[in-house]
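Proteins get letters first, then strands, A, B, ... in listed order; numbering begins at 1 in each.
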2 protein chains.
Amino acid sequence: MENKVLVETSARHVHLTKEHVELLFGAGHELTVKKALSQPGQFACEERVTIVGPKNQIERVSILGPVRKASQVEISLTDARTLGVAAPVRESGDVAGSAGCKIIGPCGELELKEGVIAAKRHIHFTPEDAKNYGVEDKQIVKVKIVSDRTTIFDDVVVRVSPDFKAAMHIDTDESNASCAFGEIYGEIIK
Amino acid sequence: MENKVLVETSARHVHLTKEHVELLFGAGHELTVKKALSQPGQFACEERVTIVGPKNQIERVSILGPVRKASQVEISLTDARTLGVAAPVRESGDVAGSAGCKIIGPCGELELKEGVIAAKRHIHFTPEDAKNYGVEDKQIVKVKIVSDRTTIFDDVVVRVSPDFKAAMHIDTDESNASCAFGEIYGEIIK
């Protein structure tokens, strides 16, 4: 049974609704693909925004496309402290009662009431991957990363969808804490 | 046998030689105690400096006293990326061939050729603590932190000295990656 998974680092980024794209970049604007990401259909955009909290702002934050049903800001807890927001650790899409922030684009700005989270570390698997690795959707596993700062991440949630490609995603704090740099694989421990 | 240790987060900071204190803050200047730290005799200072790398600078960085035999800058790897320096993960004092940076104070500036590191996570123990916990100086252990992001840190070095007080030190990336906030204890796993 397989147990090694590619570990990728997600830098801070924003997901936007179609409405918010138009508000920030102008009526009728559509996101411009800069680079395809590992997850099929997902892409980094040429467009950037500024995110603003009570204490500071962070400029040139990436937008990931395509547009979503709800806007969401995924930051590290280092960023959260910089901005002065209390971002909870959440799975993507689970934003009820999370933190808010202001988002500024070249054509407008908006006040996001909620949607600012630190992403819960997770593994993307297809149903076939899940079978090969002996895990199920929503299962919590540990992942060991061997590096200059060998670390075992507990509380890693497995997410299964035919639209995914096998990869574990951690944020920049987690990547720096475990020196998970370059092409690196983690060992899944159940 | 005891196995729980207090986990403290070290934010970025600078240690300076007496010579460098005078260079940055003026001839005859002595560091001003702002707050005692957990390790006996160690203190945070009122004085602050700016550290400058090829890409960016970070302002208002804390100085920890008393003065040392060699100046040293301890940053997170998030900071290292911000500054644009390749800080290695090292034990305090092990700075040969590490990264450099510029340090700016109100009365002068200096070019540190080496001394910029990301601190290797470690536990301070007195000889008596070491006996109680069944560990030795330089031993590598794992420490499990149970939190919203439960994590097992491997590669934690035990350091034993009669001048210490029992505490594990991690940096802000490690703290954020493991939600090691507030008064939190880790479990030592040998």
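When atom types are taken as modelled, the side chain of A:R121 and the backbone of B:R149 share a donor-acceptor pair closer than 3.5 angstrom. At least one donor-acceptor pair under 3.5 Å links the side chain of B:D129 to the backbone N or O of B:T126. B:E47 places a side-chain N or O within donor-acceptor distance of the main-chain N or O of B:T32, the cut-off being under 3.5 Å. Side chain of B:R48 to backbone of B:G105: no donor-acceptor contact under 3.5 angstrom is found.
Contact tally against chain B (heavy-atom pairs below 4.5 Å) for A:I170, A:D171, A:D148: the top residue is A:D171. For chain B, the option among A:T151, A:T150, A:D154 with the highest count of heavy-atom pairs below 4.5 Å is A:T150.
There is no contact between B:R81 and chain A, counting heavy-atom distances below 4.5 Å. Using a 4.5 Å cut-off between heavy atoms, B:T82 does not touch chain A at all.
Using a 4.5 Å heavy-atom cutoff, the side chains of A:T17 and A:V67 are not in contact.
Residues of residues 172-189 of chain B lying under 4.5 angstrom from chain A, judged on non-hydrogen atoms, are B:D173, B:E174, B:N176, B:A177, B:C179, B:F181 in numerical order.
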| field | side chain to side chain contact (heavy atoms under 4.5 Å, CB included) between B:F164 and B:R159, intermediate numbers included | value | CA-CA 9 Å; B:F164 289 159; B:R159 290 162 53 191; 3.8 Å; yes

| message | Between B:V89 and B:I117, does the side chain to side chain contact (heavy atoms under 4.5 Å, CB included) criterion hold? Intermediate values first, please. | response | CA-CA 6 Å; B:V89 177; B:I117 62 169; over 6 Å; no

| request: Show the numbers, then the answer: is there a side chain to side chain contact (heavy atoms under 4.5 Å, CB included) between B:V156 and B:I140? | output: CA-CA 5 Å; B:V156 181; B:I140 301 294; 5.9 Å; no

